Amino acid sequence: MASQTHQEMLQKYAEAIVKVGLNLRAGQRLIITLMATRGVPLQFAPLVREVSKAAYGVGAKYVEVLWGDEEMLRLRAQYAPKDSFDEYPTHTIDAIMNMINNGDALLSISGANPDLMGGLDPEIVGKMQTKHLNVASKVTEKVTTNAINWCVVAAAGEAWAQKVFPDLAPEKAQEKLWKAIFETSRIDQPDPVAAWKKHIDSMKERAKYMQSKQFTALHYKADGTDFTLGLPYGHRWISAQSMAQNGVAFTANMPTEEVFTLPDRNRADGVVTSTFPLSYGGTLIEDFQVTFENGRITKVTAKKGEAALQKLVDTDEGSHRLGEVALVPASSPIAQRGHLFYNTLFDENASCHIAIGRAYRFTLTGGEELNDEEFVSAGGNVSLNHVDFMIGSPKMDIDGIHKDGTREPVMRQGEWAIKL
Ligand code: ZN
Ligand code: ZN
């Protein structure tokens, strides 16, 4: 078979995004954006156009795109007056809120420069990030309660590709990153939509099994990690597919290899060591350790980006605690690629991870109906942040702990110890 052109692959990708990721319904409207950089960079226009075609193809009423330019963020951090970082025109957030309140679907395209703010004053970068999180929290709340069908996908941005494949010429690096995106998102398969259906079914089986176990805690053991994490009563294990409050079953991340649930915000004890670097607010944080006591982060250290990590934790009380626990085998197709992506959408699907900050309401039975206070007293976490960081490796063992204290292997040497 002749190899498919980039354009043909983009078309197949767009179709999978619309039919599986968003599961866009006829008559729905769609908004496309990239929250972190306040809009989709123009370099992603070819993908945006294909997604729009596919969206109209399934009967979308209207497709709106919020464009942006990430360089504007860096420029501002460099040149704007020091006392000006409270400015934040809200019309972009208002536009997104307007569409969410109308029941429209939301697509976020990830792929910005993971090192955008590298070398800049962490104080200013932290301020900009916190202000952004504050203004955007309305949207985050809608998304984390699955108010509408939403999806995050990636596009091979130029700077990002260069970060992943530093030894290649820019064009080659981008080509190779696109190939990785297509393969990990099953777009290279003869029928990507059917391949996704099969994948979703097998992930569901895994989540169902974990659900049936009703563990009250997980214990993690690996080099530099000795960590116990509580799972609250009513936690729900979730995988590839979720149900939105507007009644649409959607797949929030493409790719996705994780099975995840709600950790108890008050029960995390011990030390975890990161196994992947973390890109947060345009700063790369590397080789770090986080210490917990009674659910709360008491200490962070990092070889690189420690100030940014401390800023992240200091954002609010909830950023001292966890909001997600996810299990991913070390042999996941993304881990097997053998390189870092410097992008959470990919790296989180290569490794077991936990998230600092806000928990997803839908990971608690009935969580969508609770207010913040009720959610917190049920063990859920509330925060401006939700930042996944990777702790899994082929050396990690995880035990599930039952109510009576008995233990059961969940993962051994980074792989599922549970045969389905
Ligand atoms: Zn996750
Ligand atoms: Zn997460």
Side-chain angles (χ1 to χ4, degrees), residues 21 35-36 106 108 110 114 133 136-137 139-146 150-154 184-185 199-200 203-204 206-207 210 218 220 229 231 235-242 250-265 268 272 274-281 285 290 297 309 312-313 315 318-319 321-330 332-335 340-364 367 375 380-393 396 398 410-411 414 416:
M35 288 279 282
L106 175 71
S108 184
S110 157
L133 291 172
S137 65
V139 174
T140 316
E141 198 203 313
K142 291 288 181 188
V143 167
T144 55
T145 52
N146 287 342
W150 59 277
C151 182
V152 184
V153 300
T184 54
S185 305
H199 178 54
I200 290 169
M203 297 292 291
K204 267 187 191 161
R206 188 69 69 187
M210 287 303 290
L218 298 175
Y220 295 74
L229 182 57
L231 303 178
H235 68 270
R236 288 177 67 205
W237 286 93
I238 308 282
S239 64
Q241 199 179 53
S242 300
F250 67 103
T251 296
N253 287 180
M254 294 175 86
T256 181
E257 304 289 339
E258 62 173 344
V259 177
F260 64 101
T261 192
L262 178 71
D264 190 325
R265 77 190 294 278
V272 287
S274 70
T275 47
F276 287 63
L278 166 67
S279 171
Y280 174 72
I285 304 163
V290 185
I297 295 173
L309 180 58
L312 155 62
V313 171
T315 308
S319 297
R321 298 172 184 274
L322 298 175
E324 178 192 334
V325 47
L327 301 176
V328 181
S332 99
I334 294 158
L340 295 169
F341 280 85
Y342 303 96
N343 179 310
T344 301
L345 181 59
F346 290 84
D347 291 335
E348 77 161 324
N349 286 304
S351 167
C352 287
H353 56 274
I354 47 184
I356 287 175
R358 186 189 290 257
Y360 291 104
R361 294 301 173 100
F362 55 82
T363 52
L364 180 73
F375 186 54
N381 196 28
V382 176
S383 168
L384 289 175
N385 280 303
H386 175 100
V387 181
D388 297 285
F389 69 99
M390 280 38 94
I391 60 172
S393 75
M396 175 167 272
I398 303 174
V410 171
M411 288 190 137
W416 286 108

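In each ligand, atom 1 is the first atom listed, and ligand 1 is the first ligand listed. Quantities reported herein were computed from a predicted structural model and do not represent experimental measurements.
The Zn ion (ligand 2) has an N, O or S atom of H386 inside 2.8 Å of it.
Restricting E258 to its N/O/S atoms, the shortest distance to the Zn ion (ligand 1) is reached by OE1. Among the heteroatoms counted here (N, O or S) of E324, OE2 is the one nearest to the Zn ion (ligand 1). E348 has its closest N, O or S atom to the Zn ion (ligand 1) at the position named OE1.
With hydrogens and angles disregarded, no donor-acceptor distance shorter than 3.5 Å links the side chain of S110 to the backbone of V153. Although no hydrogens or angles enter the test, the distance criterion places a donor-acceptor pair under 3.5 Å between the side chain of T275 and the main chain of G392.
Between F362 and F260, the ring planes lie perpendicular to each other; the angle is over 60°, past the 30° to 60° tilted range.
Closest of all the heavy-atom pairs between M411 and G414 is CE-O, 4.0 Å.
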